[in-house]
Every structure is written in structure tokens, then in C-alpha cells.
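Since the structure comes first, as C-alpha cells, the remarks are kept for the end.
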Amino acid sequence: MTNPAPSPPPEKPARKGALRPALLAAARTLLDREGADAVTIRAVARACGVSHAAPANHFADRRSLLTALAAELFADLAEAMENVLAGAPQNPANKGLGTARLTAFAEALVAYGLAHPERYRLLWRRDLLDGEDAALQGTMDRLYTRLLEELTALPLPAGKDPETAAVGLWSLCHGYVSMRLDGNFIARRDKESGAPRHSAMIANYLAALAPQAHPA
């Protein structure tokens, strides 16, 4: 997957009620172009052509702005996951199809992170975000709950906790993406299967997790 073109500059809000989405659009553009450090109240106000004080009606400070942006990005990611799962096999209890939906979920997560590096990094910046924000928590929970539902539908062996399995799969994908984005890993293929390295890692994890649901 190639990196997408930067977000287009936001249009200046034509009315007062349009300022909040315009500020968030400007924040997203700055994030894609320059990273989270460039996203400030002053910078987004300047991009929207309003005074530096105007954003205060919508965001108390930079932290609240970035938190609202992260909530939007999590919602985007959750919607993308729903679209991926809608096209995946619909009977996870059948052998050979059981892990196909989880594979699709994990592949989409890795693809998102590699295609949108600055957006992905922001999602996990606890130092910049308000972790107690209800909107942020809601979008994060939506994504995690969806993964947990897919794992719960699998015929997991006795003694396997779906929540531990969910954390394990997410950690595998997140760790790989983070190492790629930081330049510690480069794209390689698995020597045995010929699949992209991350795809082979996902397949190996799911085969060990639920061997009876994984294709032979």
C-alpha cells in the first residue's frame, strides 16, 4: 500500500457552527504533513483564517484538540475495520474460515498504520491525549470490542482467554507497525511461505492460538 496524498487544506468556515470541524480538518492536515508536534491551537487557527482565541469556544487547550482528533481517527479506523469484516467470510466457526476474519482485521490494522504513520502514532500518544475523555474511550472501546467479538466466535481451545488473545494479536500488529515506522524493520518476505513478513507472523500467531479453526 502506498502512502496517501496529504489531506487537502481545509476550507475557511462559512459560518460559526462550521468552525469546529474546520479546526479538526486543519489539525488532521498538519498532522499528516508535519506530525503531532506541529498541531497547535495557533497553527490550526491560522490555517482556518480565524483569531488565535476563536478555537477556545470548541477546545480548551491543545490536549483537548488532539484528543478530539484522535477520537475521529479511531472512529475512522473502526469504520474501516467494519468494511473489511463485511467482506470477510461470515461463518467463523467453520474450519478454514475461522481465522480468516481475524486475519483480515489484523492485516487492515497493519495497513492503516503503515499508510498513515502520523495518524497511527497519535493514537497511542498518552502524553498528548486525555485518556479519560468519553468520546475517545468510546471509539477505542468500539474497535477493541469488535476484535473481542471475532475472537469469542472462534472455537478456542479450553483454557484460552479471548481477551488475552485479543491483546496478544493487537500487540503483535502494533509492535510490528511501530518498528517499521521507526525504521527498525524494513519490509521483507517470509522465507518459507513467501508472504510478507507481517502476514506470516499473523498467520503463525493465529495457527498457534486456534489450530482447529486455522486452515491446514
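Computed from a prediction, not measured in an experiment: that's the story for all the values here. Residue numbers start at 1 and run along the sequence shown.
Shortest non-hydrogen contact noted between Ser193 and Ala200 is OG-CB, 4.1 Å. Taking all atoms of both residues into account, the shortest heavy-atom contact from Leu128 to Arg63 is O-CG, 3.4 Å. Summarising the geometry of Arg62 relative to Ala36, their closest heavy-atom pair is NH2-O, 2.9 Å, with the distance given to 0.1 Å. Residues Ala22 and Cys48 approach most closely at O-SG, 3.4 Å, considering heavy atoms. Residues Ala47 and Ala26 share a closest heavy-atom pair of CB-CB, 3.9 Å. Of all non-hydrogen atoms in Pro157 and Ala210, the two that sit nearest each other are CD-CA, 4.3 Å.
A heavy-atom distance below 4.5 Å is found between the side chains of Ile41 and Leu65. Inter-residue side-chain proximity for Leu143 and Phe105 is flagged as met; some heavy-atom pair is nearer than 4.5 Å. Between Leu24 and Phe59 there is a side-chain heavy-atom pair separated by less than 4.5 Å. In this structure the side chain of Trp170 reaches within 4.5 angstrom of the side chain of Leu109, judged on heavy atoms. When side chains are defined from C-beta on, Val84 does not count as touching Tyr112, because their heavy atoms never get closer than 4.5 Å. Side-chain contact between Thr99 and Leu209 is absent, with no heavy-atom pair separated by less than 4.5 Å. Side-chain contact between Leu69 and Arg119 is absent, with no heavy atoms from C-beta onward closer than 4.5 Å. At a threshold of 4.5 Å between non-hydrogen side-chain atoms, the residues Asp141 and Phe74 do not count as touching.
Of the possible donor and acceptor atoms, none in the side chain of Ser178 sits under 3.5 Å from a partner among the backbone N and O of Gly175. Between the side chain of Thr139 and the backbone N or O of Ala135 there is at least one donor-acceptor pair closer than 3.5 Å.
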How far apart are the C-alpha atoms of Glu34 and Leu31, what are their side-chain angles, what is the distance that settles it, and do they pass the side chain to side chain contact (heavy atoms under 4.5 Å, CB included) test?
CA-CA 5 Å; Glu34 301 178 46; Leu31 178 67; over 6 Å; no
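For the atom pair SG of Cys173 and NE2 of His198, the computed distance is 8.0 Å after rounding to the nearest 0.5 Å. The structure places CZ of Arg125 at 6.0 Å from CG of Asp37, a figure rounded to the nearest 0.5 Å. Interatomic distance, CZ of Arg101 versus CG of Leu147, reported as 11.5 Å (0.5 Å rounding). Annotation: the span from Arg197 atom CZ to Arg180 atom CZ amounts to 11.0 Å, rounded to 0.5 Å. A distance of 11.0 Å separates CG in Leu66 from CG in Leu136, rounded to the nearest 0.5 Å.
One hydrophobic cluster, built from ILVMFWY side chains closer than 4.5 Å, cannot hold both Leu148 and Leu169; they sit in different ones. Note on Ile202 and Leu156: same hydrophobic cluster, where clusters join Ile, Leu, Val, Met, Phe, Trp and Tyr whose side-chain heavy atoms are under 4.5 Å apart, directly or indirectly. Tyr144 is not connected to Leu73 by any chain of hydrophobic side-chain contacts under 4.5 Å among Ile, Leu, Val, Met, Phe, Trp and Tyr, and they are in different clusters. Leu77 and Val167 are not part of a single hydrophobic cluster, where members link through side-chain heavy atoms under 4.5 Å apart.
A 6.0 Å sphere centred on CZ of Arg42 holds no more than 12 heavy atoms belonging to other residues, nucleotides or ligands.
Residues satisfying the ring-ring contact (aromatic ring centres under 6.0 Å, His included) test with His52, not counting sequence neighbours, are none.
Ring orientation note: the planes of His174 and Trp124 are nearly perpendicular, at an angle over 60° on the 30°/60° scale.
Residue pairs meeting the side chain to side chain donor-acceptor pair (under 3.5 Å) criterion with at least one partner in residues 66-88, sequence neighbours excluded, are Arg28-Glu72, Arg28-Asp76, Glu82-Arg146. Listed by first then second residue, pairs satisfying salt bridge (Lys or Arg N to Asp or Glu O under 4.0 Å) with a partner in residues 181-191 read Arg121-Asp182, not counting sequence neighbours.
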